Amino acid sequence: MMARKHLGTTPLPRAATTHHICGTGAFAKRLWALLRIRMSLTAMGAAELLTDAGDNVRNTYEAARLYLNAWATARPELVQVAKKRINGRKLFVLVRDLGPQVPNVTPRKRPCK
């Protein structure tokens, strides 16, 4: 199985083909910036902060959960899941900061647009 190629990207190594690369959207950039500021957060905490007034928090939570899990799975040198839980929710910890550039790994369940 080969990684999907999109314009302007390079294919992933064979071991990392469970995720594919595509352009990062505004939500991923906002989520990455929040993780860089806070250094650790839960998907629900991120959703509560990133949801605009009148938007559905549940949809934002699902998107944050997918991105954080994808980063923790595909780039464990950057983001890891802590053993500690906050109200039963996973706590994602920034291990190494890449800077403002969002890791170019996106959740497989979320199609590239």
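Along the sequence shown, residues carry numbers from 1. Source: prediction; values computed, not measured.
- The structure places CE of M39 at 5.0 Å from CG of L94, a figure rounded to the nearest 0.5 Å.
- Among all heavy-atom pairs drawn from A64 and A46, the shortest one is CB-CB, 4.3 Å.
- Counting only distance, with no hydrogens or angles, the side chain of N69 and the backbone of R65 share a donor-acceptor pair below 3.5 Å.
- For CZ of R38, the number of neighbouring non-hydrogen atoms (other residues, nucleotides, ligands) closer than 6.0 Å is 12 at most.
- Here OG1 of T60 is found 8.0 Å from CZ of R30. Values are rounded to the nearest 0.5 Å.
- The distance from the CG atom of L98 to the CZ atom of R96 is 5.5 Å, given to the nearest 0.5 Å.
- Placement of M44 and L68 in two distinct hydrophobic clusters is found when ILVMFWY residues are connected by side-chain heavy-atom separations under 4.5 Å, directly or transitively.
- Paired with L41 under the rule side chain to side chain contact (heavy atoms under 4.5 Å, CB included), one option of L34, V93, I86 passes, and it is L34.
- When side chains are defined from C-beta on, K29 does not count as touching P100, because their heavy atoms never get closer than 4.5 Å.
- Nearest heavy atoms, K90 versus T42: O-CG2, 3.3 Å.
- Both V79 and L49 are members of a single hydrophobic cluster when ILVMFWY side chains are connected at heavy-atom separations under 4.5 Å.
- Checking side-chain atoms of W71 against main-chain N and O of F92 turns up no donor-acceptor pair under 3.5 Å.
- Cation-pi geometry between R89 and Y61 is satisfied (NZ or CZ under 6.0 Å from the ring centre, within 45° of the ring normal).
- Residues L78 and P103 share a closest heavy-atom pair of CD1-CG, 3.9 Å.
- Atom CG of N87 sits in a sparse spot, with 12 or fewer heavy atoms from other residues, nucleotides or ligands closer than 6.0 Å.
- Residues L31 and L91 do not share a hydrophobic cluster, clusters being chains of Ile/Leu/Val/Met/Phe/Trp/Tyr side chains in contact below 4.5 Å.
- Here the closest heavy-atom approach between residue W32 and residue G99 is recorded as NE1-O, 2.8 Å.
- Between Y67 and F27, the angle of the ring planes lies from 30° to 60°, which puts this pair in the tilted group.
- Considering NZ of K84 and OG of S40, their distance stands at 8.0 Å, rounded to 0.5 Å.
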